[in-house]
Amino acid sequence: MAATGSVSWQPQEEGLKEICGLLEQQISPSSSADKSQIWQQLQHYSQFPDFNNYLAFILARAEGKSVEIRQAAGLLLKNNLRTAYKLMAPAHQQYIKSELLPCLGAGDKHIRSTVGTIVTVIVQQGGIPGWPELLQALVNCLDSNDLNLMEGAMDALSKICEDIPQVLDSDVPGLAERPINIFLPRLFQFFQSPHASLRKLSLGSVNQYIMLMPSALYTSMDKYLQGLFVLANDPAAEVRKLVCAAFVQIIEVRPSFLEPHLKNVIEYMLLVNKDSDEEVALEAGEFWSAYCEAQLPVDELREYLPRLIPILLSNMAYADDDESLLDAEDDESLPDRDQDLKPRFHTSRFHGSDDAEDDDDDDSFNVWNLRKCSAAALDALSNVFGDEILPTLMPIIQAKLSASGDEAWKDREAAVLALGAVGEGCINGLYPHLSEIVAFLIPLLDDKFPLIRSISCWTLSRFSKYIVQGSGHQKGYEQFDAALMGLLRRILDTNKRVQEAACSAFATLEEEAAEELAPRLEIILQHLMCAFGKYQRRNLRIVYDAIGTLADAVGGELNQPVYLEILMPPLIAKWQQVSNSDKDLFPLLECFTSIAQALGTGFSQFAQPVFQRCINIIQTQQLAKVDPVSAGVQYDKEFIVCSLDLLSGLAEGLGSGIESLVSQSNLRDLLLQCCMDDASDVRQSAFALLGDLSRVCPIHLQPRLSEFLDIAAKQLNNPNLRETISVANNACWAIGELAIKVRQEISPIVMTVIQCLVPILQHSEGLNKSLIENSAITLGRLAWVCPELVSPHMEHFMQSWCISLSTIRDDIEKEDAFRGLCAMVRANPSGALSSLVFMCKAIASWHEIRSEELHNEVCQVLHGYKQMLRNGAWDQCMSALEPPVKDKLSKYQV
């Protein structure tokens, strides 16, 4: 077959020489040639239809050339085929495929591996049916007993299994069975190969199918498990690691398969959790968290806890080569390198109830290792077994904590980490001893080892909720104050790791303590602003977060001259120093957002330059999107998102005081453009701002009102609603806010919006709670403003609407929705008859209606139906209600 392919196409000597020469220059580290020029030259050659044939020829046949050049040709070929394979002439495709197959068993390992990668790309592009010879070639190689052939085929097969496993579990025209059925028995056979490389590749390939679980694997599960037990004590660490990974995945996906073997698997995992190879031990450590989440019988694991917990604790000590040990030497005076700065992600503003939970375990050095994995396992065990683990755990923790001497610091550190790890799951058992634990932790904040200082910050923060709860009595308050002051001292530590841990822990404490912080505001601000003055770039972001969290926590308390004099001058100086294209501006914009909301009208004195800068940033970025050269900056949508959110914060803080700023700017036109942006997070923040401006100065939106409404309605009618749910949520809320301000002017789009809202309410399963609540409220607001348009359609949505209204907590927005309900019933009383029971339940969901006028309206509605429904129909409706609902309705005298 190869022969026929090669007759039809032959390389020209000249071209071959030129391409080899270029490749040689490209890979040579010493070559003085300009790499970008070589790259352009190669791109130029890519225009020739047979360029890829040359590359295949060099990879497969250029015996006289170095392996590096042949490999470079192969990698370039792989990248070209990714984009161009489907556009190539069939004869060229065929030539390349025919050159690759004989190289599967090439003598050089690097060539084999490169061929395997290219084969996978071709299968990705053309599928198995597009290359009928491939399967037979792979089978022949696997069955050949020649190590090069077996390894080459296995390498290609393992890459297919990793990148596109589903292609082998699909029907192929002309084949009696799916390819996976042909390969699986051969893969199992290789489990017993004397060659570690084949054992590793075959096991890795089968593991890729645990998630997909094709029937071929499902029916040979026993054989697979037997194979895993045989490989369990393999001399090669790579293989043991894959055995552990298999057990972890099986327990996540199909725990029932392991149930008959649980004792054996647990025994094995205990053994390899102490493996001399750290990667094997890490993979084994994942098993315990997976077990806890798998809903398997916990009794099976219970008897092993006395053996498991000591292993986890000993694995929680820092390894000698842990990079954190090097980082711990970082003194605050060393500037951060760019690679130390983690990419940061701003979460667009979201109007509604279920905001995503923040993960408080923000470990900045996000390298997953045995220590963190073991702490996560202990956390998981504490959540499943609770206080049961304490009798085993506490004596070990106490022994490690009392280990004296410098050389034992890692044990002491691991003990503090363990306390924090079980701080949630075992809180009932720890609670009686909490003041002793806290009293023990506070002095550790001043330990001579920086990593003990930093872990003590984290562990204290895990108990912050209870420290705050206890602050009501004298002793508890003294402890709260000691923890607060201790963390503030650590915020001014000279070590970067400790600064970071202390700032994050303090932000957690702030969230819990909220207004309890007010008496200490001055000293808190002094410490935070001192840190602000001395931190390097990376930790500066965390100070911004702590300042923002403080503002959110204490709100208007912050609005006092003595506090503002400490807080604002350094922030304003930084604000003037950072340029509009510097990413260090993001956390500053976020910080100002929180401060503006907290200070309310107190922010007026700082508002003008902040407002103007946001406008400038949005304008520059919108220009950069189409013309970065004349904008002078590269487009980055995050600048727009942060600026929109800060403007929302200003609208919320200043209220109608923002009107003079809006009236003198082109914010309206910029905002409309942002509402139409192709990036969903820009639209999300834009609609949040639209809603906020509707509340405080709708008059300035008036000239383009119909465009705003049209574009907002479009967000609700999006076929991919689930992917842009937060955009729809904010747009929906903004329409409702506009409706109650512009009243009748909303009428042209009312029916369009109602048609989008009703399906959301009727098919609410799987949508987020906030979108459903906002849809119910906006529907009610539209009904209140335009009852004559909405009420004729009541019977289509009354039931699902009332069910949604029942779940909303009492507030102003819910009042508006019920004003809409009353207005519709007045306009079309018969429209609600079939849903009367649901309407009564919705009314009963009020704890109390604060507005006397609305309370009276609801009374009238209920009495109206009572009079309308004679002959026992009303009593029949009442008897369908549960007793607590009837009790709630009694306050309306029905």
Side-chain angles (χ1 to χ4, degrees), residues 1-108 110-128 130-134 137 152 155-156 159-160 163-164:
M1 183 199 78
T4 55
S6 35
V7 169
S8 53
W9 182 88
Q10 287 294 336
Q12 307 221 329
E13 203 50 49
E14 194 56 34
L16 208 52
K17 224 156 125 181
E18 275 188 47
I19 295 172
C20 284
L22 274 172
L23 290 170
E24 197 156 0
Q25 285 183 301
Q26 190 199 16
I27 58 176
S28 138
S30 58
S31 129
S32 56
D34 178 5
K35 294 278 191 257
S36 63
Q37 235 176 332
I38 299 169
W39 177 242
Q40 279 173 333
Q41 195 62 41
L42 286 168
Q43 288 304 88
H44 168 68
Y45 278 126
S46 297
Q47 311 304 313
F48 295 106
D50 59 354
F51 176 56
N52 291 319
N53 294 16
Y54 276 94
L55 296 175
F57 183 90
I58 296 168
L59 170 68
R61 295 179 182 260
E63 297 292 350
K65 295 288 175 196
S66 72
V67 168
E68 287 76 19
I69 288 184
R70 293 172 61 191
Q71 228 189 328
L75 292 173
L76 185 56
L77 176 62
K78 173 200 76 173
N79 292 331
N80 289 351
L81 295 181
R82 275 226 166 95
T83 49
Y85 182 76
K86 291 177 178 161
L87 310 169
M88 284 168 62
H92 291 330
Q93 291 180 346
Q94 194 54 43
Y95 171 76
I96 291 169
K97 290 191 288 198
S98 66
E99 286 296 312
L100 289 171
L101 289 182
C103 290
L104 278 171
D108 184 278
H110 300 291
I111 300 288
R112 292 201 298 271
S113 174
T114 306
V115 169
T117 309
I118 302 170
V119 166
T120 309
V121 169
I122 293 179
V123 173
Q124 235 164 352
Q125 299 294 321
I128 296 277
W131 195 353
E133 306 88 346
L134 174 66
D155 180 85
K159 285 169 177 162
I160 291 173
D163 293 347
I164 34 174

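Keep in mind that this is a model prediction, so the values were computed, not measured.
The residue from Leu75, Leu77, Asp50, Leu42 that alone fulfils the side chain to side chain contact (heavy atoms under 4.5 Å, CB included) condition with Leu55 is Leu77.
The two residues Gln124 and Asp163 make their nearest non-hydrogen contact at NE2-CB, 4.3 Å. Nearest heavy-atom pair across Pro11 and Leu16 is CB-CD1, 4.2 Å. Here the closest heavy-atom approach between residue Leu81 and residue Met88 is recorded as CD2-SD, 3.6 Å. When all heavy atoms of Pro102 and Ser98 are compared, the pair lying nearest together is CD-O, 3.0 Å. Residues Lys65 and Arg70 share a closest heavy-atom pair of O-CD, 3.9 Å. Nearest approach of Glu99 to Ala60, heavy atoms of both residues: OE1-CB, 3.6 Å.
Within the model, atoms CG of Leu100 and CD1 of Ile118 stand 5.5 Å from one another, a figure rounded to the nearest 0.5 Å. Distance check: Ile111 CD1 to Cys103 SG gives 7.5 Å after rounding to the nearest 0.5 Å. Note: Ile38 CD1 to Leu23 CG = 9.5 Å, rounded to the nearest 0.5 Å. For the atom pair CG of Asp155 and CD1 of Ile160, the computed distance is 10.0 Å after rounding to the nearest 0.5 Å. Expressed to the nearest 0.5 Å, how far CD of Gln41 lies from CD1 of Ile19 amounts to 10.0 Å. Interatomic distance, CD of Gln71 versus NZ of Lys78, reported as 10.5 Å (0.5 Å rounding).
Below 30°, between 30° and 60°, or above 60°: for Phe48 and Tyr45 the angle between ring planes is between 30° and 60°, a tilted geometry.
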May I have the step-by-step check of side chain to side chain contact (heavy atoms under 4.5 Å, CB included) for Gln37 and Gln25, ending in yes or no? CA-CA 11 Å; Gln37 235 176 332; Gln25 285 183 301; over 6 Å; no
Could you go through the side chain to side chain contact (heavy atoms under 4.5 Å, CB included) check for Ile96 and Ile122 one step at a time? CA-CA 10 Å; Ile96 291 169; Ile122 293 179; 4.3 Å; yes
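At distances below 3.5 Å, at least one donor-acceptor pair connects side-chain atoms of Lys159 with backbone N or O atoms of Ser113. Between the Arg112 side chain and the Ala106 main chain, a donor and an acceptor come within less than 3.5 Å of each other. At distances below 3.5 Å, at least one donor-acceptor pair connects side-chain atoms of Tyr54 with backbone N or O atoms of Gln12. Using a distance-only test at 3.5 Å, with no hydrogens or angles considered, a donor-acceptor pair links the side chain of Gln93 to the main chain of Tyr85.
Counting non-hydrogen atoms of other residues, nucleotides and ligands closer than 6.0 Å to CD of Gln43 gives a total above 12.
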